[in-house]
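Heavy-atom basis, side chains included; hydrogens, waters and symmetry copies ignored. Just so it is clear: chains get the letters A, B, ... in the order the sequence lines come, proteins before strands, and each one is counted from 1.
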Amino acid sequence: MSKVRVRFAPSPTGALHIGGVRTALYNYLFAKQNGGSFILRIEDTDQTRFVEGAEEYIIESLKWCGIEPDEGVGFGGEYGPYRQSDRKGMYAQYANQLLESGHAYKAFDTKEELQEARLAAEKDKKTFRYDISTRMSMRNSLSLSSEEVKELEANGIPFVLRLKVPENEEIHFQDMVRGDVKFSSNELDDKVLLKVDGMPTYHMANIVDDHFMEISHVIRGEEWLPSTPTHVLLYRFLGWGDSMPVFCHLPLILKPTKGKLSKRDGAKFGIPVFPLDWEEKDGSIAKGFREWGFLPEAVINFLALLGWNPGTEQEIFDLAGLVQAFDPTNINKSGARYDFAKAEWFNQQYIIATDNEALAAKVAPILAAKGHHPSHEKLVSICALLKERMGILPDFWSKGSYFFEEVKAYDNQKVIRKKWKLDRREAFNGLAAQLNDLEKYDAENLEQLVKKFMADNSLGFGDVLPFLRLATSGSTQGPPVFEIMEVLGKQTVNKRLEQAYSAFDEVIKAKLQQL
RNA sequence: GUUCCUGUGGGCUAAUGGUUAUGCCGUCGGACUUUCACUCCGGAAAUGCGAGUUCAAUUCUCGUCAGGAAUACCA
C-alpha cells in the first residue's frame, strides 16, 4: 500500500467551527496511525468570499489543538503550493483536457439566464438542474453550432466550462464509513469546472490537487457525499481512476436542537463553537473554547468521541492514545449532537488531572485580569482546594474570589436567621481570640481548636461551621473550612470574623424587629 | 419538489438473528463530607412506526414516518 497522505482542506471564509476541527482531528489521527502525512490545504478558489485573518486563524487553531500539519500553508512541504489561489495556473490545463476529450463543454449562459431557468422550474415546483435533460436548451457548445460558438468567443462573451455528465450510468465508490455507495449519473448536474474568472470550482481544484498531492484518503464531512460521484467521474475522465483516493465521509455535528451545527449557533445557544475567539466584521466577538476556559486536550477528547467510539468503554484519551485507538470503521453513520454539558465534563476531568503547579499557571492570567497577582505558592495551594470544583478555568474565580478579595455578601441568610444567636456573640468573640492566639495556623490545629471550642460551649458543628464558612468565604459551600482558613491566614480570618459577627448580629436584629 | 444519508433512554453510544439491551453525560435518590465538589452505591429512562422472512428480529427485507444533507460560476 502506498503512503497514507490525507488533507484537511478548509476554505478561509471565517472561523473554523468544531465540525471542521473534528474533521481535521480524524485526518490527523488517521495519518499518524498509519505513519502518513497530514496536510493543510487552503481552498480559496472563491475570491469573493475571502476573509482577512481566516487562514491564520485556522493555523493557530490547529496548533492550539495540538494537531499540527506535516505539510501545508504555514508548514512547508514538497507538494506545494498549498494554497489554491497560488496554484491557479494549474487547473485550466486539466479543464481543457476534459474539453478536448469531450467530457466538458463551454457554457455561455449568463447569471440572469440561469436565474430565469430556475424561476421557470420553480413554477412547476421543481428545481432547475443544468444536466442532460436541460443542457440542449441552454446556450453552450453542445447546443450551439460551432459557428455560433466561434462568434460568441470572437465577441469576447465569457463562458464557463461544465462537466458533461454521461447518461444512464451507475457510479459506485467505496466509502470507509458507508461501504459501497452508488448514484445514478442521471441525478448529477453538469457542474461548473472553470469559472468565468478562470478559477476552478472546488470540484475541479480538489481533484487536481488531491491527485498531485498524492492524497490517499479523502476524509471530509458528509455534506460532500452527494458531489462525490461527480468527483469520481472527474478522476476517471482525467485518466486518474486507478489512483483515486479512498473516501471517508464523516457524520455531521448537529446543533443542540436540530440540524447541522453552524457558526451562528454559538451566539444562539450561548456555547462555544469555535476553538479560539473570532472577531466578526461587525466587531462582535464569537467566543472560543480556549477563551471560554477549556483545555485543548479536553476539546480534542470530546470531539474525538463525537461520532466515533473506541470499541471499549474507555472515555478519556490523550492525543497519543487516540492515535492508537482510532479506527475509522468505528465511525458512526448518524449525525452526533453537540452536548455542551458533556464537553464541560471532559474539561473537568482534565482540570482535575492537571497538577496544581500547571493549573496555577493556567489560572494566573484570569486573576491578573482581575488585578490580583498572588504568590505562586499561594496559587498552587488554592488550586489544590478548587480544582475538583471547576468545570472551566474561570470557575476558579467564581468559586474562589474570596481568596483574593474581601467578602462582600453572605449567601446563606437563611442559616444566619435560623442559627445565629445574639447571646452566643461572647462565645464567638472568645473563639476569635483563641484563633488569634494559635501559633501553628494550619488546618489540623485549626480543626482541633474549633472542636475544643464547640465542646467547651456545648455547641454542635451546625452551630459553628456554617458561620466560619460564611465569615471567611461568604458562602456555606466550598472546600474544607479549615483549609480555607489556613490559606487565608490568621490576620485575614480575624478581620473577616469580626466583620461577619456584626453583620450576623444585624440580620438577627432585623429579624427581631419584624416580629 | 428531487436525490442521497440517518433513525437504540433527554444527549453521546455498545451489542447479538437467541437470557434481565452496554457504558458515559445529564437527571433523581442514598452513602461520605454536618457544606459544595470528588468518590462510591442505587433509581427512572431507549431499539420511530407497520408489515414480511424466521422457531426467534434492535439486527435481514419492504413500506411508512421523522430528522438531516445536497440541489450555486460557495466550499
Side-chain angles (χ1 to χ4, degrees), chain A residues 9-13 43-46 48-49 84 107 109-111 114-115 118 121-122 124-131 158-162 175 177-178 181-184 186-189 191-203 205-206 220-229 249 251-252 254-256 258-260 302 305-316 330 332-346 348-349 352 385-391 395 399 412 415 460-466 468-470 473 475-481:
Chain A
S11 66
T13 54
E43 310 233 326
D44 57 349
T45 53
D46 185 357
T48 62
R49 292 214 308 162
Q84 288 185 330
D109 316 275
T110 62
K111 284 221 158 78
L114 290 169
Q115 186 59 25
R118 276 188 199 107
E122 234 167 80
D124 288 341
K125 285 188 124 183
K126 285 181 181 164
T127 303
F128 172 74
R129 204 165 57 194
Y130 207 120
D131 65 6
F159 61 87
V160 300
L161 247 40
R162 280 183 184 272
D175 186 277
V177 174
R178 276 154 236 279
V181 183
K182 66 173 194 286
F183 285 86
S184 164
N186 296 343
E187 299 300 334
L188 268 34
D189 62 336
K191 287 229 155 30
V192 170
L193 266 18
L194 216 55
K195 300 184 247 184
V196 167
D197 65 0
M199 283 294 258
T201 56
Y202 167 82
H203 306 289
N206 112 86
R220 74 226 304 189
E222 187 186 82
E223 66 268 28
W224 295 110
L225 200 54
S227 56
T228 304
H249 288 97
L252 267 12
L254 275 18
K255 60 181 85 193
K258 290 280 179 195
K260 180 179 162 186
F302 167 65
L305 261 41
L306 215 51
W308 170 81
N309 77 83
T312 65
E313 282 176 1
Q314 186 180 346
E315 292 237 65
I316 301 295
N330 281 348
N332 268 339
K333 293 185 182 74
S334 50
R337 191 141 304 141
Y338 166 26
D339 178 6
F340 182 69
K342 186 83 181 254
E344 237 184 340
W345 176 80
F346 272 109
Q348 183 185 27
Q349 300 307 305
I352 291 173
L385 296 182
L386 251 28
K387 71 202 270 193
E388 277 164 358
R389 284 155 247 262
M390 296 166 60
D395 286 342
K399 304 208 171 188
N412 200 332
V415 169
F461 282 96
D463 298 320
V464 179
L465 290 213
L468 245 29
R469 285 190 168 280
L470 241 18
S473 71
S475 169
T476 48
Q477 304 182 349
V481 228

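With sequence neighbours left out, A:D109 forms a side chain to side chain contact (heavy atoms under 4.5 Å, CB included) with A:A107, A:E113, A:L114, A:Y130, A:M138, A:R139. For A:E344, there are no side chain to side chain donor-acceptor pair (under 3.5 Å) partners two or more places apart in sequence or in a different chain. A:A205 meets the side chain to side chain contact (heavy atoms under 4.5 Å, CB included) test with A:T45, A:Q84, A:Y91, A:P200, A:D209; sequence neighbours excluded. Qualifying side chain to side chain donor-acceptor pair (under 3.5 Å) partners for A:R129, counting only residues two or more places apart in sequence or in other chains: A:D131, A:E187. For A:T312, there are no side chain to side chain donor-acceptor pair (under 3.5 Å) partners two or more places apart in sequence or in a different chain. In terms of the side chain to side chain contact (heavy atoms under 4.5 Å, CB included) criterion, residue partners of A:K387 (sequence neighbours excluded) are, by chain and number, A:I351, A:N356, A:L359. For A:F183, the side chain to side chain contact (heavy atoms under 4.5 Å, CB included) partners at least two apart in sequence or on another chain are A:F173, A:V181, A:P229. Applying the side chain to side chain donor-acceptor pair (under 3.5 Å) criterion to A:S475, with sequence neighbours excluded, gives A:D411.
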Distances for protein N or O near nucleotides 20-25 of chain B N or O, under 3.5 Å:
from  : atom 1 : to     : atom 2 : distance (Å)
B:U22 : O2'    : A:E313 : OE2    : 2.8
B:G23 : O4'    : A:E313 : OE2    : 3.0
B:C24 : O4'    : A:E315 : OE2    : 3.0
B:C24 : O2'    : A:E315 : OE2    : 2.3
B:C24 : O2     : A:K342 : NZ     : 3.0

Could you write out each protein N or O paired with an N or O of nucleotides 40-45 of chain B at a distance under 3.5 Å?
none

What nitrogen or oxygen pairs link the protein and nucleotides 58-61 of chain B at under 3.5 Å?
none

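Heavy atoms of A:P466 sit nowhere under 4.0 angstrom from any nucleic acid atom. Among the protein residues, A:F346 comes within range of no part of the nucleic acid, since none of its heavy atoms lies under 4.0 Å from any strand. Within the 4.0 angstrom heavy-atom criterion, no nucleotide atom of any strand lies near A:E344. Residue contacts for A:G460: at a heavy-atom cut-off of 4.0 Å it reaches a base atom on one of the strands shown. Residue A:K126 is classed as having no contact, given no heavy-atom separation below 4.0 Å to the nucleic acid.
Nucleotide B:U39 has B:A31 as its partner under the Watson-Crick or G-U criteria, with both atom distances under 3.5 Å. Base pairing of B:A70 is made with B:U2, judged by Watson-Crick or G-U wobble geometry with both donor-acceptor distances under 3.5 Å.
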Within the 4.0 Å limit for protein heavy atoms, which parts of nucleotides 67-75 of chain B are touched? Write it as a string from 5' to 3', B for base, S for sugar-phosphate only, - for none.
-SSS-SBBB
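The pair A:K342-A:D339 does not meet the salt-bridge criterion, since no charged nitrogen lies less than 4.0 angstrom from a carboxylate oxygen.
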